[in-house]
Amino acid sequence: MATPLPAYLDTLNEEQRRAVLHTGSPLLILAGAGSGKTRVITTKIAWLIKEKGLDPQSIMAVTFTNKAAREMAARAQVIEPRSAQAMLRTFHSFGAWFLRRHGKLAGLDPGFVIYDDDDSLALLATVMEGIPRPELRILAHNIARAKDYFLSPGDPELELIDHRKTFRRAYEKYQEKLQGIGNLDFGDLIKKPVELLRNHRDLAERFHERFRVVMVDEYQDANIAQSHLLKELYGPQTYLCVVGDDDQSIYSFRGAQVKNILAFSETFPKTEIIKLEQNYRSSSSILGVASSVVDHNRGRLGKTLRAVKKEGKKPVLAFLPDQDTESEFCSELIQKAGGYGDWAVVYRTNAQSLGFETEFLRRGIPYRVVGSLKFYEREEIKDALALLAFVVNPRDEVAFRRVVNKPSRGLGPAALDRIIEGGANLYEASKKTAPALSAKARSGIQTFLRAIEAGKLTLANEGKAEKKTIIGEGMREAGEAKQKAGEGFLKGSIGLSECVVTLAEESGIAAYHLSHDEVSGNQRLSNLQELANAASLYEASEEGLLEFLEHIELDRSLGEETAETAEAVTLITLHNTKGLEFKRVIMTGIEQGIFPREDKTGDDLEEERRLFYVGATRAMDELYISSCAYRRMWGKTMPMAPSIFLQEIDQKDLRIIGERPRSFAQTMGREERRPVKSSDGRWALGDRVYHDDQGYGTITQIREGDQGPVVKVIFENGQERRFLSSHQSSSYIKIGDD
DNA sequence: TAATCGATCTTTTTT
DNA sequence: AGATCGATTA
């Protein structure tokens, strides 16, 4: 005990301190909810810089969400300001950073734009003509999944995702087209860096030289491709440290593999394991409720989480008649207690937020909605972004198709085909092909090209910073003059905003959306204005534009943070609560069919349990759970049964309010329960069926229609069919009826 | 080519 | 209930 430990380590418990001070072999930290894992990581970063004299730039810490990355950066900087220079990013943002710098080695243009799921679907539609939309969706989804599993179009293992030839062909053609355009989807941001590092050992070695410390938070959320990336970043000198909790794995639908945690010790020999099992966040009664649900899972590593806090207030379970009462119940709880910022109202699906918003608005309860921000999915915003994307990458066919004929300029499918055949660079091809088009189409394409050119002109490419401010001032005046003269709908002259405004106006998109319908037109215009405002933070150059687009694609929470300072109730989905904590939490809609969702069985049901665990362990002092007897869904009022999770809690641990619906009594005490059976008793969820034309399939949904039960089947060939139990049951044969 | 009507589906969860 | 998509129509 020569030198005393620095003071900032005093507040850590023994295990936490061991984890911070650990060096050498790879380290796996199994950290239960509320056990201070973020604290361990951030302290470790600071300690490595401060005490071990590490260059902050040699430290990399990867998270899954931007929120987590930001928080990590902020907290590490409190202890050690130099932490700001460390690379603290999400997996995807690291991938984008990596590929902008080194993608050239794989023939990738550094000016790529990142496609979201919508764009991917649109791209797929261009290579798979004549395939119906729902089918395209399945294919696009499976392509994304394939990339999560690090599978390429030629991979035999693709079979496991979707064994159809159509799928293989779709993936192949999709990837070919995407490559031709030079853009990337989310999956590529992980998969391509792995491939690059594998094919260029010198580059991998340079990375091993640079990043001596690599840490990963929420490792239970990593998919196969991400675990491969980690392997490639691990060199002979690398200190590797991952933190995870198998009980909080809630993203397997996106390819996350809890197995990664189990396999970590095998992949990285001599791994040491430290468990953080003391929960500092929740009262012991809250922890008890959360644990009792997740205890019903089979597949667990098993750890004991001990509450440090006292028993506290007993969690409340409220049985309510309907969702309106639920909103009122929440409002009254909140208003009685006050302290808006202490409260979170949590639900399973984004759609459930609406009722609370209406009621909170009526009562004047301040709130903020996390994550449901559909801002970037709005038509006008996607239009504006497509214009921007086309400016940086004229090969972007998805963007081109989206906006070239919007508003209508007389460019039909025939004209478009001719342009696209004219070459991969659609800007050049448009120019070249224009004279050959009909008069109407010709003038149309020229209007479009003029708008794009005007947008380009706002970008100062040989940017000297001082010159730009002068231009900025001049532009601002010009903009204001224009505004006064009544020209233009949008304001914006600072930074990139000028480009957004110019494109939106010159293209006619602004006018189009304004005139299209009177009610939402102004809203759409103000959305465009908001986009322009966001752009003003970026430099008016091509790099600035790329940064702006990348930021939007990778972090859509933009603008949410500003409201955080305000004292407001948080409305949030269960998934989005991960990593957060609140003094008081209300878990709403805890009903069978909503949570867990009706089609969840087996491993999926276990994931829902973990989701319950995540939600409940967000609460520090008070936990409320509400379950409604009736709920309006799809315009109909449906009777609901309480969630089976509620039976898994020892009823003594809850204070129960309201009348337990009869259905609850019926389901109480039953060990195993068939998830959902059709009312005629013929079909159950998960049943295997055979159909003469379609082959084998599985029942994924049963619902009551006007003419009896309607059964939905997904076949192994990817087709989806629904049939009336009363009519067609003879052509569907149930397999392995037990 | 645009507008209108009707059928159908929606409510997972996210980088 | 509301949105969205497709087909039909002007």
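So you know, we letter chains A, B, ... as the sequences are listed, proteins then strands, and number each from 1. This is a predicted model, so every value here is computed, not measured.
Contact check, A:N350 against B:dT13: a side-chain N or O comes under 4.0 Å of OP1 or OP2. One finds no side-chain N or O of A:S353 lying less than 4.0 angstrom from the OP1 or OP2 phosphate oxygen of B:dT11. A:R597 has a side-chain polar atom (N or O) that falls below the 4.0 Å cut-off from OP1 or OP2 of B:dT12.
Closest to the side chain of A:H92, out of B:dT14, B:dT15, B:dT10, is B:dT15. In the set B:dT13, B:dT15, B:dT1, the nucleotide with an atom closest to the side chain of A:K440 is B:dT1. When distances run from any side-chain atom of A:R137 to the nucleotides C:dC5, B:dT11, B:dT15, the shortest one goes to C:dC5.
If you check every strand for non-hydrogen atoms under 4.0 Å, A:F91 touches nothing. The residue A:I572 sits apart from the nucleic acid: no heavy atom pair falls under 4.0 Å. Using a 4.0 Å heavy-atom distance criterion, A:G187 is classed as making no nucleic acid contact. Counting non-hydrogen atoms under 4.0 angstrom, A:D116 reaches nothing in the nucleic acid.
Residue A:K67 places no side-chain atom within donor-acceptor reach of the base of B:dT14, judged by atom type and a 3.5 Å distance cut-off alone. For A:R348 against B:dT13, a side-chain-to-base donor-acceptor contact under 3.5 Å is present.
When side chains are defined from C-beta on, A:F98 does not count as touching A:K192, because their heavy atoms never get closer than 4.5 Å.
In this structure, the ring of A:F400 has its center less than 6.0 angstrom from the ring center of A:F448. A centroid separation of 6.0 Å or more is found between the aromatic rings of A:F356 and A:Y367. Residues A:Y251 and A:H575 place their aromatic rings such that the two centres sit under 6.0 Å apart.
Taking the C1' atom of each, B:dT14 and C:dA3 are spaced 22 Å apart, rounded to whole Å.
Nucleotides of DNA chain B nearest to A:A351 and A:F64 differ in position, and the one nearer the 5' end is that of A:A351. Nearest-nucleotide positions on DNA chain B place A:N405 closer to the 5' end than the other of A:L554 and A:N405.
In this structure, the aromatic ring of A:Y251 is not positioned over the six-membered ring of the base of B:dT13 within 5.5 Å between centres and 30° between planes.
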If you apply the rule side-chain hydrogen bond (donor to acceptor under 3.5 Å, both in side chains), what do you find for A:Q352 with A:T349, and how did you get there?
CA-CA 6 Å; A:Q352 287 164 259; A:T349 65; 2.9 Å; yes
